[in-house]
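The chains referred to below are lettered A, B, ... by the order of the sequence lines, with proteins before strands, and numbering in each begins at 1. We use all heavy atoms of the structure for the numbers below, so side chains are in, but hydrogens, waters and symmetry mates are not.
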Amino acid sequence: MNRDNLAFLQIILNNLDVIFFIFLVFLGFTSGTIAEKSHYRSIKKREENLMHIPVVNSGDFIDNSKEIENVYFISGSCVVALDYFKMVFAAIKQIFGGRIQSYETLIDRGRREAILRLKEKAASKNVDVIINLRIETSSIGQNAGQKGGIGSVEVFAYATAITYKK
Amino acid sequence: MILTNIPMVPGMKIVEHYGLVTGSTVRAKHIGKDIMASLKNIIGGELKGYTELLNEARKEALERMIKQAEKLGANAVINVRFSTSSIAQGAAELYVYGTAVKVE
């Protein structure tokens with residue numbers, strides 16, 4: 001091995017932490033983007049499939065002309081986390097302020113996924129209408145409660161489902 | 001046991017109120033799941049381990065509330081509400097409350 005190669009190796013060894021950081025950001029960016037795209041595709045497809053079940057967040061959306069057969073309590077939840085790239089990007093963005101789009105898409109995915117899971121449960125019970133949907137979001141994970149830290153977000157959706165007598 | 005999160009049970013009449021029933025559970029994360037979750041945090045996306053854990057915990061809280069309602073002689077719980085709070089690093093409290101009633 002010549003001296004140039006040795007010097008190069010030396011630089012790499014000295015900056016191992018920086019290289020590791022760049023690697024993590026790169027890994028987060030590529031895998032995070034791929035995962036997000038495929039998740040959105042599946043969300044859109046499933047949302048279309050479950051469009052036939054009406055969901056309302058008001059509690060008195062009941063058709064009084066029909067007799068009620070069953071009442072169910074249904075829920076769905078999802079925990080989503082930021083990837084490394086988004087975390088770094090958001091930390092930089094927090095210096096200047098403004099919209100942090102990476103957080104927006106993350107929470108949007110979580111909410112839609114939670115509602116979809118609720119609707120999937122409802123679909124398996126053949127319900128006619130879902131009323132009084134409530135969504136709750138809470139921050140969990142190691143850096144929950146710390147300044148500027150959204151480690152992971154849990155979205156929980158719950159509702160009352162009704163089936164009418166046919 | 002009928003559960004609803006509206007102040008009534010559709011299609012039925014409330015004949016008796018028994019007051020507030022509650023259920024809660026405090027759960028800590030399991031270290032294996034925590035390590036997996038922190039690895040998953042690099043890639044991002046859903047943390048299935050946590051979703052499962054919280055679902056389980058919530059089920060337990062609900063069961064506790066239902067048990068309390070059954071003890072009172074109720075056959076339904078109306079106006080069910082959930083609340084989640086992070087009480088310590090790595091532990092969360094899941095709390096559920098509602099009104100126990102008898103319906104016909």
### Query
Can you tell if the side chain of A:Arg117 reaches within under 4.5 Å of the side chain of B:Asn55, non-hydrogen atoms only?
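Side chain of A:Arg117 against side chain of B:Asn55, heavy atoms only: no contact under 4.5 Å found.
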### Close side-chain approach of A:Ile62 and B:Met8, heavy atoms under 4.5 Å
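A:Ile62 vs B:Met8: side chains touch.
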Can you name the closest pair of heavy atoms from [X] and [Y] and give their distance?
X: A:Ile68; Y: B:Gly11; value: CD1-N, 3.7 Å
X: A:Val79; Y: B:Glu46; value: O-CG, 3.0 Å
X: B:Pro10; Y: A:Ile162; value: CG-CD1, 3.6 Å
X: B:Val9; Y: A:Val71; value: CG1-CG2, 4.3 Å
X: B:Phe82; Y: A:Phe156; value: CD1-CE2, 3.3 Å
X: A:Phe73; Y: B:Val80; value: CZ-CG1, 3.9 Å

### Query
Rest of the hydrophobic cluster containing B:Val15 (Ile/Leu/Val/Met/Phe/Trp/Tyr, side-chain heavy atoms under 4.5 Å)?
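Noted: B:Val15 shares its cluster with no other residue.
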### Query
Can you say whether B:Met12 sits under 4.5 Å from chain A via the side chain, the backbone, both, or neither, judging by heavy atoms?
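Interface part for B:Met12: neither.
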### Task
Identify which part of B:Arg81 has an atom lying under 4.5 Å from any heavy atom of chain A, answering side chain, backbone, both or neither.
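Backbone plus side chain of B:Arg81, per the 4.5 Å heavy-atom cut-off to chain A.
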### Over 12 foreign heavy atoms within 6.0 Å of CD, B:Glu104
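No, CD of B:Glu104 has 12 or fewer neighbouring heavy atoms, counting only those of other groups under 6.0 Å.
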### Query
If you count the non-hydrogen atoms of other residues, nucleotides and ligands that lie under 6.0 Å from NZ in A:Lys121, is the total more than 12?
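Atom NZ in A:Lys121 is crowded, with more than 12 foreign heavy atoms closer than 6.0 Å.
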Check whether [X] gets within reach of chain B through its side chain, its backbone, both or neither, counting any heavy atom under 4.5 Å.
X: A:Ile131; result: both
X: A:Phe29; result: neither
X: A:Ser138; result: side chain

### Task
Enter the distance from B:Asn79:CG to A:Asn132:CG here, rounded to the nearest 0.5 Å.
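Between atom CG of B:Asn79 and atom CG of A:Asn132 there are 8.0 Å.
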